[in-house]
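One structure below.
As the structure is a computational prediction, the values presented were derived from the model and not from experiment.
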Amino acid sequence: MPESPEDREKLGDYQFMMGEDAGRLALVLDQLTDVMAMVGQHTVHCRVEKGPRAGEAPLDIEQLLDVLQSAKSLVQETLLRLQR
């Protein structure tokens, strides 16, 4: 369930526009996008300092972004199927 009043309001709006299940998925999609943006900001400040990957984001952050992108894609596919 949504934690903040803002998320509860968003959920209500999405459910009104898309239906109960699709609205929940739309909120999850928004939250995944927000988390990906936050992690992306972290990669700006957290860089490998030495070695062949110098200047790049650490592998754990890259793997995290890959997992988040996969989850986001799965939610998007499911949302599209529900809308049909």
Side-chain angles (χ1 to χ4, degrees):
M1 291 305 297
E3 299 281 327
S4 69
E6 180 182 290
D7 282 346
R8 281 192 287 275
E9 185 177 334
K10 276 186 186 179
L11 178 61
D13 291 344
Y14 285 140
Q15 287 178 329
F16 177 76
M17 291 185 292
M18 305 172 150
E20 188 171 333
D21 293 334
R24 288 176 187 222
L25 286 174
L27 180 63
V28 169
L29 196 58
D30 268 0
Q31 291 172 335
L32 282 170
T33 301
D34 292 344
V35 168
M36 289 178 72
M38 286 185 257
V39 172
Q41 287 293 320
H42 184 68
T43 62
V44 171
H45 303 287
C46 184
R47 296 284 180 184
V48 175
E49 292 183 20
K50 297 179 182 178
R53 298 193 71 248
E56 295 180 18
L59 285 176
D60 60 340
I61 293 178
E62 287 184 10
Q63 290 171 344
L64 176 63
L65 284 171
D66 289 343
V67 169
L68 289 170
Q69 184 59 52
S70 295
K72 186 175 172 179
S73 295
L74 182 61
V75 171
Q76 286 173 327
E77 290 172 16
T78 306
L79 187 57
L80 289 173
R81 284 182 186 212
L82 280 175
Q83 290 178 340
R84 288 186 205 152

Minimum heavy-atom distance between [X] and [Y], given as atom pair plus value:
X: A54; Y: E49; answer: CB-O, 3.8 Å
X: Q31; Y: D7; answer: NE2-OD2, 3.5 Å
X: M18; Y: G23; answer: CB-N, 4.1 Å
X: P58; Y: C46; answer: CD-O, 3.3 Å
X: K50; Y: V48; answer: O-CG1, 3.2 Å
X: L65; Y: M36; answer: CD2-O, 3.9 Å

Is it possible for you to say whether [X] and [Y] belong to one hydrophobic cluster, with membership spreading through side-chain heavy-atom contacts below 4.5 Å?
X: V35; Y: V75; result: yes
X: M38; Y: L68; result: yes
X: L29; Y: L82; result: yes

(request) Please determine if R81 and E77 form a salt bridge, counting it only when a charged side-chain N lies under 4.0 Å from a carboxylate O. (result)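 Salt bridge flag = no for E77 with R81.
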Drop me the distance from [X]'s [atom1] to [Y]'s [atom2], to the nearest 0.5 angstrom.
X: L32; Y: L27; atom1: CG; atom2: CG; result: 10.0 Å
X: R8; Y: K10; atom1: CZ; atom2: NZ; result: 13.5 Å
X: L64; Y: L59; atom1: CG; atom2: CG; result: 12.5 Å
X: L74; Y: L25; atom1: CG; atom2: CG; result: 9.0 Å

(request) Using a 4.5 Å cut-off on heavy atoms from C-beta on, say whether the side chain of Q83 contacts that of L80. (result)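 When only atoms from C-beta onward are counted, Q83 and L80 do touch, with a gap below 4.5 Å.
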(request) Would you confirm whether R53, through its side chain, and A57, through its main-chain N or O, come within 3.5 Å as a donor-acceptor pair? (result)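 Between the backbone of A57 and the side chain of R53 there is a qualifying donor-acceptor contact (under 3.5 Å).
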(request) Would you indicate whether Q69, at its atom CD, is surrounded by more than 12 heavy atoms from other residues, nucleotides or ligands within a distance under 6.0 Å? (result)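 Atom CD in Q69 is packed in, count exceeds 12.
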(request) Not counting sequence neighbours, which residues clear side chain to side chain contact (heavy atoms under 4.5 Å, CB included) with M17? List them please. (result)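 Only Y14 meet the side chain to side chain contact (heavy atoms under 4.5 Å, CB included) criterion with M17.
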